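In what follows, a single structure is set out as structure tokens and then discussed.
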Amino acid sequence: MKNVKVVVVGAGVVGSSTALCIAEALPNCSVTLMAERFTPDTTSDVAAGILMCSPFPDIPLAQQQKWFKESMKHLLTIAQSEEASEAGVLLSSGWQLFASVPAEKKPFWSEFVLGFRTMTDQELKRFPNHKFGQAFTTVKCECSNYLPWLEKRFRKAGGQIVIQKVKNLQELSTQGYDVIVNCSGLGARTLVDDSQVYPVRGQVLKVHAPWLQHFIRDVGGQTYIYPGMHSVTLGGTRQVEFIGEHEQADDWRLEPDPGDSQDILERCCRLEPSLRRAKVLGASVGLRPSRKNVRVERELLQLGGRQVPVVHNYGHGGWGVTLSWGTALDALILVKQCVYQRLTNAKL
Ligand SMILES: Cc1cc2nc3c(=O)[nH]c(=O)nc-3n(C[C@H](O)[C@H](O)[C@H](O)COP(=O)(O)OP(=O)(O)OC[C@H]3O[C@@H](n4cnc5c(N)ncnc54)[C@H](O)[C@@H]3O)c2cc1C
Ligand SMILES: O=C(O)CCC(=O)C(=O)O
């Protein structure tokens with residue numbers, strides 16, 4: 001008999017990873033993954049899925065390093081196993097370029113990717129507009145494969161799937177859930193009334209260019225070329241304005257913009273001229289669930305006449321694939337605390 005009912009709201013890469021971690025670690029709990037949209041209709045399905053990251057300003061770097069390291073370890077294990085093709089997880093090598101020499105010559109995650117080094121002058125020659133570059137091997141995670149793979153593993157661990165929009169957390173309490181895990185991404189704006197989460201629109205193109213084997217990322221220019229399993233992803237856009245030092249975004253358009261597509265293709269062709277002969281397969285748009293700092297914490301809420309613990313795990317912005325497994329493991333620790341409290345209180 002399953003003694004504690006846990007519900008995870010949200011089936012993007014963050015919710016699916018979190019639900020799987022809980023289901024595998026707590027076999028005596030009943031775990032339900034509930035969402036309005038599943039793959040292939042989530043923001044996560046739009047992601048290029050490359051493991052890199054920009055830091056969040058107010059979260060200790062050591063914690064962010066741990067998240068990166070855990071995700072990398074998990075995905076590298078898959079990439080090096082016979083599951084790699086089904087899970088859509090592969091190694092990806094290439095270059096990250098800078099127009100001028102950056103103050104920080106190494107990102108905070110440099111020791112967790114493979115073979116991180118500064119590019120040689122010889123390598124930089126083909127990029128005359130860039131003065132500095134880094135070469136390394138990271139992981140690329142194709143969410144169109146990875147999300148169904150996570151879902152399959154979740155079901156195997158005894159998890160249940162429910163397709164449903166949650167109007168408010170009270171209804172989950174009324175349905176008898178003992179612990180609520182909120183992985184609703186941008187949906188947290190309405191679900192938990194968090195106006196700190198905002199959409200940052202991103203558009204990408206998929207092209208057929210099987211001759212490309214290396215990624216190229218222009219850090220300042222928002223331009224990237226990521227060869228993958230099925231196609232090459234070209235990006236990107238980051239539709240956001242700065243009001244003073246604060247980002248402000250109100251672009252909710254989900255349909256691809258032909259002007260953006262043209263601009264992306266132009267920028268990518270400047271970096272990699274062979275793309276002029278590539279066949280464009282399509283364009284897609286996602287709204288990054290951005291927040292100054294990702295929220296991984298728990299609180300106790302009064303819902304429908306009883307106190308219910310809620311664990312939050314949302315607001316990963318442009319780096320949700322990268323941080324998904326690391327933050328899921330931290331959310332699991334918080335869920336374990338809630339379950340422990342629930343069981344010890346129940347005995348009193
Ligand atoms: C163009 C683009 C490229 C990107 N590339 C990368 C990359 O290379 N690497 C990387 O790390 N990240 C990348 N990202 C960022 C990444 O896509 C996001 O950080 C990630 O998808 C966030 O995952 P999530 O699970 O939090 O949100 P989502 O994928 O948006 O999932 C949210 C889930 O919550 C559900 N939900 C919301 N509200 C409710 C509700 N009220 N009731 C029920 N269900 C609800 C939704 O239906 C959905 O299932 C990219 C993003 C974009 C747009
Ligand atoms: O920025 C990148 O290079 C990777 C893609 C991404 O994370 C994004 O577009 O948000």
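Counting convention: from 1, in listed order, for ligands and their atoms alike. This one's a predicted model, so the numbers in the text were calculated from it and none came from an experiment.
- Counted within 6.0 Å of CD on Gln122, heavy atoms from surrounding residues, nucleotides or ligands total 12 or fewer; the atom is thus considered open.
- Using modelled atom types and a 3.5 Å distance limit, the side chains of Tyr224 and Arg217 yield no donor-acceptor pair.
- Between Glu36 and ligand 1, at least one pair of N/O atoms sits closer than 3.5 Å.
- One option in Pro199, Ala11, Pro289 has a heavy atom closer to atom 22 (C) of ligand 1 than any other, and that option is Pro289.
- Residue contacts with ligand 1 for Tyr224 involve side-chain atoms from C-beta outward but no N, CA, C or O (heavy atoms, distance under 4.0 Å).
- Those atoms of ligand 1 that come under 4.0 Å of a heavy atom in Lys165, given as number and element, are 42 (N), 43 (C).
- Among protein heavy atoms, atom 25 (O) of ligand 1 sits closest to Val14 N, 3.1 Å.
- Polar contact check, Gly187 against ligand 1: no nitrogen or oxygen pair lies under 3.5 Å apart.
- Contact annotation: Trp319 has at least one heavy atom less than 4.0 Å from an atom of ligand 1.
- Atoms of ligand 1 found under 4.0 Å from any heavy atom of Thr42, numbered from 1 in the order shown, are 29 (O), 49 (O).
- At the shortest separation from atom 7 (C) of ligand 1 among protein heavy atoms lies Gly49 N, 3.3 Å.
- The two residues Phe127 and Leu271 have their closest heavy-atom pair at CE2-O, 3.8 Å.
- The nearest pair of heavy atoms linking Phe108 to Ser54 is CE2-C, 4.0 Å.
- When each atom of ligand 1 is checked for a heavy atom of Ala35 under 4.0 Å away, the hits are 43 (C), 44 (N), 49 (O).
- Side-chain contact check for Val192 versus Val310: every heavy-atom pair is 4.5 Å or farther apart.
- Residues Asp194 and His312 have side chains that never bring a donor and an acceptor to within less than 3.5 angstrom of each other.
- The ring-ring contact (aromatic ring centres under 6.0 Å, His included) search around Phe136 returns Trp109, Phe116, Phe215, not counting sequence neighbours.
- The protein non-hydrogen atom at the shortest distance from atom 5 (N) of ligand 1 is Ala48 N, 3.1 Å.
- Protein heavy atom closest to atom 39 (C) of ligand 1, with residue, atom name and distance, is Ser184 CB, 4.2 Å.
- Within 4.0 Å of ligand 2, counting heavy atoms only, the contacting residues are Ile50, Arg217, Tyr224, Tyr226, Arg288, Gly318, Trp319.
- Of all non-hydrogen atoms in Ala283 and Gln203, the two that sit nearest each other are CB-NE2, 4.3 Å.
- Defined by atom type and a distance below 3.5 Å, a donor-acceptor pair is missing between the side-chain atoms of Asp250 and Tyr198.
- Where the criterion is an N or O separation shorter than 3.5 Å, residue side chain and backbone included, Gly286 fails it with respect to ligand 1.
- Within a 6.0 Å sphere centred on NE2 of His208, other residues, nucleotides and ligands contribute 12 heavy atoms or fewer.
- Among the atoms of Gly185, none of the N or O lies under 3.5 angstrom from an N or O of ligand 1.
- Look at Tyr226 and you'll find every heavy atom at least 4.0 Å from all atoms of ligand 1.
- Judged by distance alone, with hydrogens and angles left aside, the side-chain atoms of Thr42 form no donor-acceptor pair with the main-chain N or O of Thr39 at under 3.5 Å.
- Ligand 1 has no N or O atom lying under 3.5 Å from any N or O atom of Arg288, backbone or side chain.
- Residue contacts with ligand 1 include Gln164, since one or more of its heavy atoms lies under 4.0 Å from the ligand.
- Among Ser44, Gly12, Ala47, Gly317, the residue whose heavy atom lies nearest to atom 18 (C) of ligand 1 is Gly317.
- Ligand 1 has no nitrogen or oxygen under 3.5 angstrom from a nitrogen or oxygen of Val46.
- When only modelled atom types and interatomic distance are considered, Arg288 and Thr43 share no side-chain donor-acceptor pair under 3.5 Å.
- Of all the listed residues (Thr327, Val204, Leu169, Asn168), Val204 holds the heavy atom that lies closest to atom 1 (C) of ligand 1.
- Polar contact with ligand 1: present for Thr43 (N/O pair, distance under 3.5 Å).
- Of the polar atoms of Ile50, at least one N or O is found under 3.5 Å from an N or O of ligand 1, judged by distance alone.
- Close approach to Val13 involves these atoms of ligand 1, each under 4.0 Å from a residue heavy atom: 23 (O), 25 (O).
- Nearest to atom 47 (O) of ligand 1 among the protein's heavy atoms is Arg37 N, 2.9 Å.
- Side chains of Asp58 and Asn293: a donor on one and an acceptor on the other come within 3.5 Å.
- For the residue pair Lys206 / Thr233, a side-chain donor-acceptor distance below 3.5 Å is found, with atom types taken as modelled.
- In this structure, a donor-acceptor pair under 3.5 Å is present between the side chains of Glu123 and Thr120.
- Closest to atom 34 (O) of ligand 1 among all protein heavy atoms lies Gly10 CA, 3.2 Å.
- Looking at ligand 1, you'll find an N or O of Gly318 within less than 3.5 Å of one of its N or O atoms.
- Atom 41 (N) of ligand 1 has its nearest heavy-atom neighbour, among Leu147, Thr138, Asp41, Val166, in Val166.
- Heavy-atom minimum distance, Gly176 versus Lys5: O-CD, 3.7 Å.
- Nearest heavy-atom pair, Ala278 versus Trp211, reported as atom, atom and distance to 0.1 Å: CA-CH2, 4.0 Å.
- Side chain to side chain, Arg117 and Gln134 fail the donor-acceptor criterion of an N or O pair below 3.5 Å.
- Neither side chain, Asp260 nor Thr237, offers a donor N or O lying under 3.5 Å from an acceptor on the other.
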